[in-house]
A.B. asks: 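Dumping the structure here so I can ask a few things about it.
Start at 1 with the first residue, then count along the sequence. Quick caveat, the model's predicted, so the values are computed rather than measured.
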Amino acid sequence: PLISQFGTQDLANTAWSCSALGWSDAPLMPALSSAARRPLQVAKAQFSAQDLTNTAWAFASLELLDVPLIQSISAPSMRILNDF
């Protein structure tokens, strides 16, 4: 499947897998970031707390500073913060 066809969990799992392997592919990681930001910008995004965490952790552990992605993750994270 194409990245544009990935669901939110697919995006998070792919980013997490790359990070777990310590593999940062130059074309892949920006493509994952771009694809993840689209549903994150929708008010009713389908990213679970685990998906948000895995995505943020993956980019951080690979030492990839992606400000637009982190900003996109922060809004839904703040909305669900009180659930914990």
Side-chain angles (χ1 to χ4, degrees):
L2 301 173
I3 286 180
S4 62
Q5 298 170 325
F6 280 19
T8 56
Q9 185 175 3
D10 302 320
L11 294 165
N13 288 352
T14 303
W16 180 90
S17 297
C18 290
S19 181
L21 294 170
W23 184 64
S24 177
D25 184 70
L28 178 60
M29 298 310 287
L32 287 171
S33 171
S34 177
R37 285 194 318 266
R38 276 184 236 115
L40 283 167
Q41 294 168 350
V42 176
K44 303 264 184 193
Q46 298 299 313
F47 269 79
S48 69
Q50 186 72 49
D51 294 341
L52 293 169
T53 302
N54 286 350
T55 303
W57 176 84
F59 278 79
S61 69
L62 289 171
E63 299 179 1
L64 297 174
L65 180 60
D66 190 323
V67 174
L69 177 63
I70 297 305
Q71 289 174 335
S72 295
I73 288 173
S74 69
S77 297
M78 295 303 290
R79 284 194 297 271
I80 63 172
L81 190 61
N82 290 330
D83 294 347
F84 296 93

A.B. asks: Per the side-chain hydrogen bond (donor to acceptor under 3.5 Å, both in side chains) rule, what does the pair list look like for residues 17-30, sequence neighbours excluded?
C.D. replies: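 Every pair satisfying side-chain hydrogen bond (donor to acceptor under 3.5 Å, both in side chains) with a residue in residues 17-30: S19-S61.
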
A.B. asks: Which atom pairs, one a donor and one an acceptor, fall under 3.5 Å between side chains of residues 68-75 and the rest of the protein, sequence neighbours left out?
C.D. replies:
from: S72; atom 1: OG; to: P68; atom 2: O; distance (Å): 2.9
from: S74; atom 1: OG; to: Q71; atom 2: O; distance (Å): 2.8

A.B. asks: Can you name the residues that form a side-chain hydrogen bond (donor to acceptor under 3.5 Å, both in side chains) with N13, not counting sequence neighbours?
C.D. replies: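 Partners of N13 by the side-chain hydrogen bond (donor to acceptor under 3.5 Å, both in side chains) criterion come out as none, since no residue qualifies.
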
A.B. asks: L40 and P76: which non-hydrogen atoms are nearest, and at how many Å?
C.D. replies: CD2-CG, 3.6 Å

A.B. asks: Could you pull out all residues at least two apart from S34 that satisfy side-chain contact (heavy atoms from CB on, under 4.5 Å)?
C.D. replies: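 S34 satisfies side-chain contact (heavy atoms from CB on, under 4.5 Å) with R37, R38 once adjacent residues are dropped.
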
A.B. asks: Scan for side-chain hydrogen bond (donor to acceptor under 3.5 Å, both in side chains) pairs involving residues 48-57, sequence neighbours excluded, and state none if there are none.
C.D. replies: S48-D51, Q50-N54

A.B. asks: Donor-acceptor pair, distance only, cut-off 3.5 Å: does the side chain of S33 make one with the backbone of M29?
C.D. replies: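 A pair under 3.5 Å: no.
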
A.B. asks: Might you point out which heavy atoms bring L52 and S77 nearest each other, and give the distance in Å?
C.D. replies: CD1-OG, 3.8 Å

A.B. asks: State plainly whether one hydrophobic cluster holds both L11 and L62, where clusters connect Ile, Leu, Val, Met, Phe, Trp and Tyr through side-chain heavy atoms under 4.5 angstrom apart.
C.D. replies: yes

A.B. asks: Under the side-chain contact (heavy atoms from CB on, under 4.5 Å) rule, collect the residues that match up with Q5, sequence neighbours excluded.
C.D. replies: P1, L2

A.B. asks: For a quick test of reading the model, state the closest non-hydrogen atom pair linking F59 to A15 and the distance between them.
C.D. replies: CE1-CB, 4.2 Å

A.B. asks: Give a yes or no on whether F47 and L81 share a hydrophobic cluster (residues Ile, Leu, Val, Met, Phe, Trp, Tyr; joining criterion: side-chain heavy atoms under 4.5 Å apart).
C.D. replies: no

A.B. asks: Report the residues that fulfil side-chain contact (heavy atoms from CB on, under 4.5 Å) with A31, sequence neighbours left out, ordered by chain and then residue number.
C.D. replies: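 Only I3 meet the side-chain contact (heavy atoms from CB on, under 4.5 Å) criterion with A31.
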
A.B. asks: Taking side-chain contact (heavy atoms from CB on, under 4.5 Å) as the definition, give me every residue that meets it alongside A49, ordered by chain and number, with sequence neighbours left out.
C.D. replies: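 With sequence neighbours excluded, A49 shows a side-chain contact (heavy atoms from CB on, under 4.5 Å) to I80, F84, given in chain and number order.
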
A.B. asks: Measure the SG-CG distance between C18 and L32 for me, rounded to the nearest 0.5 Å.
C.D. replies: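 The SG atom of C18 sits 6.5 Å away from the CG atom of L32.
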
